[in-house]
S.K.: 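Please read through the structure below; I'll follow up with questions.
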There are 2 protein chains.
Amino acid sequence: MLRLSTKGQYGVRAMYEIARGYPETPVTIKEISERQDVSVAYLEQILNKLRKAGLIKSIKGPGGGYILNRSADKISIASILNELEGPVALTSCLDPEGGCVRVDSCVTHLLWKALGEQVEAFLKTITLKNLMAGDFYSQEVKVKDKVKV
Amino acid sequence: MLRLSTKGQYGVRAMYEIARGYPETPVTIKEISERQDVSVAYLEQILNKLRKAGLIKSIKGPGGGYILNRSADKISIASILNELEGPVALTSCLDPEGGCVRVDSCVTHLLWKALGEQVEAFLKTITLKNLMAGDFYSQEVKVKDKVKV
DNA sequence: AAATACCCTACTGTTTTTGTCAAGTATTAT
DNA sequence: ATAATACTTGACAAAAACAGTAGGGTATTT
């Protein structure tokens with residue numbers, strides 16, 4: 001259950017490669033493609049979104065490539081996935097645009113909401129820098145002491 | 001991102017209805033269908049899985065229906081979702097059957113693993129009883145202090 | 001002006017999801 | 001017995017989401 005799309009996975013891995021070049025060396029799509037074994041065309045789609053979101057910037061022409069727009073410790077995994085897959089919304093009920101017709105009567109509504117918040121909180125605490133260092137400080141993600149309906 | 005399938009959602013809601021009848025009254029599919037607005041045919045599939053998993057038992061014939069196999073405080077949301085959607089496996093990498101060809105080189109492997117474990121831990125702490133009471137004690141789900149690769 | 005490298009949109013095959021349908025089996029009440 | 005109730009099972013199909021390709025375009029450097 002709860003599979004992450006390849007877009008999200010590849011996106012994080014691509015960001016990891018770009019982070020490795022920061023702040024000096026732009027990394028080309030081709031390099032990312034080879035190192036992470038993802039097609040250039042597919043990466044183009046992914047990096048485009050991340051660029052538009054302001055996470056990375058691109059430099060055209062020879063010697064160009066992609067580079068982080070801010071330092072690795074300021075880019076969370078959550079911010080990457082949010083751009084590529086949208087916000088965590090375990091049910092259509094919880095889609096940002098709303099549309100839950102049963103909200104009040106839906107007994108599980110708050111449950112999914114709490115779980116979503118927990119996931120989001122976790123992903124926010126982990127940055128690209130953490131990923132590169134290979135250690136995840138999971139600072140006690142606490143959702144809520146008690147949620148009473 | 002991370003959408004839960006309707007099967008999982010309906011499953012939890014169906015279990016909620018069945019829990020309401022426990023331990024006296026078997027609840028029929030028809031009743032669940034009406035109260036939760038899910039088709040009888042679809043519920044049949046879902047309840048069948050839950051029955052085979054031993055979470056509920058069925059009583060045939062008039063006056064029959066479904067009933068919990070153990071008390072509501074002994075059935076976690078995790079156990080329901082696990083039957084209907086399989087274990088949390090955010091990437092194919094983490095599928096129980098294995099098959100990750102890159103494990104060592106995959107920088108994100110541990111990240112997804114940690115997140116999955118966090119989700120699973122959260123869902124395990126919440127039981128049908130909690131759901132019925134409407135309060136989720138989220139007892140500080142702590143993943144790991146520090147994971148060093 | 002040639003080479004490099006990003007930019008953008010459309011499209012398509014596959015897989016998963018979300019159900020429906022039809023025919024069956026078991027049990028109870030009369 | 002038999003009719004009514006209710007669960008059981010497997011096949012199937014429409015629709016949505018996913019994963020990725022293709023092909024042309026634009027900007028920059030040497």
Side-chain angles (χ1 to χ4, degrees), chain A residues 1-14 17-18 21 25-34 36-69 81 84-86 89-93 95, chain B residues 1-11 13-14 17-18 21 25-34 36-53 55-69 81 84-86 89-93 95:
Chain A
M1 70 169 130
L2 293 185
R3 187 141 308 191
L4 211 59
S5 77
T6 58
K7 242 172 189 149
Q9 295 175 49
Y10 295 167
V12 173
R13 275 156 58 189
E17 291 296 338
I18 295 170
T25 322
V27 182
T28 68
I29 289 189
K30 199 169 166 231
E31 287 168 332
I32 300 171
S33 168
E34 283 163 2
Q36 291 294 335
D37 197 28
V38 177
S39 83
V40 168
Y42 202 21
L43 279 172
E44 280 174 343
Q45 278 183 34
I46 294 167
L47 295 182
N48 227 299
K49 282 193 175 183
L50 297 176
R51 181 181 54 79
K52 283 176 180 163
L55 294 178
I56 51 178
K57 57 188 167 192
S58 60
I59 298 167
K60 291 188 174 180
Y66 288 92
I67 197 158
L68 296 189
N69 217 355
L81 294 182
L84 297 174
E85 311 202 12
L90 292 118
T91 65
S92 56
C93 238
D95 265 333
Chain B
M1 69 169 131
L2 294 184
R3 186 141 309 192
L4 211 59
S5 78
T6 58
K7 240 171 189 148
Q9 295 176 49
Y10 295 167
R13 275 157 57 191
E17 291 297 337
I18 295 170
T25 323
V27 183
T28 68
I29 288 188
K30 199 169 167 231
E31 286 167 333
I32 300 172
S33 168
E34 283 163 1
Q36 292 294 333
D37 197 28
V38 177
S39 82
V40 168
Y42 201 21
L43 279 172
E44 280 172 344
Q45 277 183 33
I46 294 168
L47 295 181
N48 226 295
K49 282 193 174 182
L50 296 176
R51 180 182 55 79
K52 282 175 180 165
L55 294 178
I56 51 178
K57 58 189 166 190
S58 61
I59 299 167
K60 291 187 175 181
Y66 289 93
I67 197 159
L68 295 189
N69 217 354
L81 294 182
L84 296 174
E85 312 201 11
L90 291 118
T91 66
S92 56
C93 238
D95 264 333

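In what follows, chains carry the letters A, B, and so on, assigned in the order in which the sequence lines appear, proteins first and then strands, with residues in each chain numbered from 1.
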S.K.: Report the residues that fulfil salt bridge (Lys or Arg N to Asp or Glu O under 4.0 Å) with B:E17, sequence neighbours left out, ordered by chain and then residue number.
M.R.: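 Residues passing salt bridge (Lys or Arg N to Asp or Glu O under 4.0 Å) with B:E17: B:R20, B:R35.
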S.K.: Please identify the 5'-most and 3'-most nucleotides of DNA chain D with any atom under 4.0 angstrom from a heavy atom of chain A.
M.R.: D:dA19 to D:dT29
S.K.: Using the test side-chain contact (heavy atoms from CB on, under 4.5 Å), find all partners of B:K30 that sit at least two apart in sequence or belong to another chain.
M.R.: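 Here the qualifying residues are B:T28, B:E34.
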S.K.: Check the side chains of B:T91 and A:Q9 for a donor-acceptor pair under 3.5 angstrom, ignoring hydrogens and angles.
M.R.: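 Judged by distance alone, the side chains do not pair up.
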S.K.: Base, sugar-phosphate, or nothing for A:I29, non-hydrogen atoms under 4.0 angstrom?
M.R.: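 It contacts sugar-phosphate atoms only.
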S.K.: Using a cut-off of 4.0 Å between protein heavy atoms and nucleotide atoms, how would you tag nucleotides 12-30 of chain C 5' to 3' with B, S and -?
M.R.: ------BBB-----SBB--
S.K.: With sequence neighbours left out, write down each residue that passes salt bridge (Lys or Arg N to Asp or Glu O under 4.0 Å) with B:R3, or none if nothing qualifies.
M.R.: A:D95
S.K.: The criterion is side chain to side chain donor-acceptor pair (under 3.5 Å); which residues satisfy it with A:Q45, sequence neighbours excluded?
M.R.: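 Side chain to side chain donor-acceptor pair (under 3.5 Å) check on A:Q45 returns A:K7.
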S.K.: Quick one: list whatever passes side chain to side chain donor-acceptor pair (under 3.5 Å) with B:N48, sequence neighbours left out.
M.R.: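 B:N48: side chain to side chain donor-acceptor pair (under 3.5 Å) contacts with B:R51.
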S.K.: Just list the side-chain donor-acceptor pairs under 3.5 Å for residues 52-61 of chain A, sequence neighbours left out, or say none.
M.R.:
none

S.K.: Please determine if a side-chain N or O atom of A:S58 lies less than 4.0 Å away from the OP1 or OP2 oxygen of C:dC7.
M.R.: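 Yes, within the criterion.
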S.K.: Which residues satisfy the side-chain contact (heavy atoms from CB on, under 4.5 Å) test with B:T25, sequence neighbours excluded?
M.R.: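 side-chain contact (heavy atoms from CB on, under 4.5 Å) list for B:T25, sorted by chain: empty.
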S.K.: Using a cut-off of 4.0 Å on non-hydrogen atoms, how would the nucleic acid contact of A:K49 be classed: base, sugar-phosphate, or nothing?
M.R.: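 Since no nucleic acid heavy atom lies under 4.0 Å of A:K49, the category is nothing.
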